[in-house]
Number of protein chains: 2
Amino acid sequence: MPLGQGYPQQDCAIARALELVGDRWTLLVLRDCFFGVHRFADLVARLDVPRAVLSDRLARLVEAGLLVPDGRSYRVTEAAHPLWPALRSLAAFGESAQAAAGGSVRRFAHVTCGTDTTADGRCPTCGTVPPPPDLVVRAVGGRGRRDDPVSVALRAPHRLLTPLP
Amino acid sequence: MPLGQGYPQQDCAIARALELVGDRWTLLVLRDCFFGVHRFADLVARLDVPRAVLSDRLARLVEAGLLVPDGRSYRVTEAAHPLWPALRSLAAFGESAQAAAGGSVRRFAHVTCGTDTTADGRCPTCGTVPPPPDLVVRAVGGRGRRDDPVSVALRAPHRLLTPLP
DNA sequence: GCAGGCGGTTCGGTCATTGAACTAGCATCG
DNA sequence: CGATGCTAGTTCAATGACCGAACCGCCTGC
């Protein structure tokens, strides 16, 4: 994994996944990339991550084919889409703690049906599990701790994977 | 999070989840606990984790209510069940890398239907997403890198959450 | 009593992370 | 052209988490 070295003795797909995304920052970087953040400076501002660490993580994700550099921005590739259910599951697990802390939670609506997906990612109207590009994310509750333009734009409803600013 | 301190500036449920399970070993500890490993020594042997680190991670998980100590063993509580979909999603994501490395992958069968669940956790026979206690895990492919009794027992089909040895 | 297994702690060394300062490329403006 | 400013990324000393091995205390069986 990005931190330490890896889990070479583990004969396990979860260990392989964590070797790529199991460090302190990578999943949060991917979260923001799914939400449309795509510039180095925006990621630094939103994550409060040291620039050296972000530079390293982005390079690893590019090398793994999950992100692709496009001039001054990074785009999520299709290879990263299988990671979306993991992010959504972690969000569902963290929701109670987040709500207890007075923060906002996110809802993901199926763009073709207009209904919110359930905790397991399913659209109750059509019964499918929409892929990330077919979801519209919005924040509900909380008061919003950040005032930078990117964070404000992220709170408004918008489609996943579409570059934000 | 367990490592470092946390992400206090992040107004995000994923960040709350990662503050609890986003460090170097916690998700692998929970993986083994879901699979039935429940003794300190077995976890040390299977994970190659420093004893001090495992001690710290177990204490955090107990404090969070995800594990409960029971004499000389640790049991997964219901509060930890919402984390299972995240583990399963990570396994699905890591499967290609794991297969490419010549390792084994796991299948999870719905115990009441006898059919394997799909990558999104659904039972194709009954259409539900079975909870962890209704799943039987087995390893397919690979050659098994570990010979300790616990790892051997883990490779045989068995029900999740039932103490193994 | 005593040997051995078990859960857990202590401790010095190592390595990743942190945060601030610095470099380099590029565009704009006067 | 030269100055200015923005962006991406690197360097570097200090901090802190992690690592591995040795040690401690408890319980059990002989």
Side-chain angles (χ1 to χ4, degrees), chain A residues 1-10 15 18-29 32-33 36-63 67-75 148-151 163-165, chain B residues 1-10 15 18-29 32-33 36-63 67-76 148-151 153 163-165:
Chain A
M1 85 190 343
L3 18 95
Q5 305 79 18
Y7 308 102
Q9 312 283 16
Q10 300 282 320
L18 292 177
E19 284 172 353
L20 181 56
V21 302
D23 68 292
R24 184 149 168 51
W25 293 107
T26 301
L27 281 175
L28 290 181
V29 170
D32 271 8
C33 289
V37 183
H38 59 108
R39 277 194 293 257
F40 188 93
D42 292 340
L43 289 166
V44 169
R46 274 188 45 83
L47 298 174
D48 296 313
V49 58
R51 307 167 73 78
V53 173
L54 179 61
S55 183
D56 176 75
R57 298 303 182 268
L58 288 172
R60 283 178 192 273
L61 290 170
V62 168
E63 190 189 0
L67 295 182
V68 57
D70 171 23
R72 304 187 163 181
S73 85
Y74 292 89
R75 312 284 174 168
D148 55 286
V150 178
S151 295
L164 255 189
Chain B
M1 80 182 351
L3 19 95
Q5 305 81 16
Y7 310 101
Q9 313 283 16
Q10 299 280 322
L18 292 177
E19 284 172 354
L20 181 57
V21 302
D23 66 291
R24 182 146 170 52
W25 292 105
T26 302
L27 281 175
L28 290 181
V29 170
D32 271 7
C33 290
V37 183
H38 59 108
R39 277 193 294 258
F40 189 93
D42 292 341
L43 289 167
V44 169
R46 273 188 45 82
L47 298 174
D48 297 313
V49 58
R51 305 166 73 80
V53 174
L54 178 61
S55 184
D56 174 75
R57 298 302 185 268
L58 289 171
R60 284 177 191 272
L61 290 171
V62 168
E63 189 190 1
L67 296 181
V68 57
D70 170 23
R72 304 188 163 181
S73 83
Y74 293 88
R75 313 283 175 168
V76 176
D148 56 288
V150 178
S151 296
L164 254 189

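The chains referred to below are lettered A, B, ... by the order of the sequence lines, with proteins before strands, and numbering in each begins at 1. Reckoned from all heavy atoms, side chains included, excluding hydrogens, waters and symmetry mates. Just so we're clear, the structure is a prediction, and the values are computed from it rather than from any experiment.
Here the side chains of B/Asp32 and B/Leu28 are not in contact, with every heavy-atom distance at 4.5 Å or above. Looking at A/Asp23 and A/Val53, their side chains never come closer than 4.5 Å, going by heavy atoms from C-beta outward. Between A/Phe40 and A/Leu43 there is no side-chain heavy-atom pair separated by less than 4.5 Å.
One can find a donor-acceptor pair under 3.5 Å joining the base of D/dG9 and the side-chain atoms of A/Arg51.
In this structure, CG of A/Leu54 is placed 14 Å from P of C/dG19, rounded to the nearest angstrom. Counting to the nearest Å, the C1' atom of D/dC19 and the OH atom of A/Tyr7 are 14 Å from each other. What separates CG of B/Asp56 from C1' of D/dC19 is a distance of 14 Å, to the nearest Å. In this structure, B/Asp70 places its CG atom 17 Å from P of C/dC6, rounding to the nearest Å. When rounded to the nearest whole Å, the span between CG of B/Asp42 and C1' of C/dC6 equals 11 Å. D/dG9 atom C1' lies 14 Å from atom CG of A/Leu43, rounded to whole Å. In this structure, the CG atom of B/Leu58 is 11 Å from the C1' atom of C/dG8, given to the nearest Å. Look at CG on A/Leu47: it is 11 Å from P on C/dT18, rounded to the nearest Å.
Considering only side-chain N and O atoms, A/Trp25 lies under 4.0 angstrom from the phosphate OP1 or OP2 of C/dT18. OP1 and OP2 of C/dC15 both lie 4.0 Å or more from every side-chain N or O belonging to B/Arg24. For the OP1/OP2 pair of C/dG8 and a distance below 4.0 Å, the side-chain nitrogens and oxygens of B/Tyr74 include at least one atom meeting the criterion. Contact between the side-chain N/O atoms of B/Arg72 and the OP1/OP2 oxygens of D/dC26 is not found at any separation under 4.0 Å. Close to D/dT10, at under 4.0 Å from its OP1 or OP2, lies a side-chain N or O of A/Ser55.
Judged by distance alone, the side chain of B/Gln9 and the main-chain N or O of A/Arg46 form no donor-acceptor pair under 3.5 Å. For A/Asp70 (side chain) and A/Ser73 (main-chain N/O), no donor-acceptor pair under 3.5 Å exists by modelled atom type.
At the heavy-atom level, B/Ala52 lies under 4.0 Å from base atoms of the strands shown.
Nearer the 5' end of DNA chain C, as judged by each residue's closest nucleotide, is the contact made by B/Phe40, out of B/Phe40 and A/Val53.
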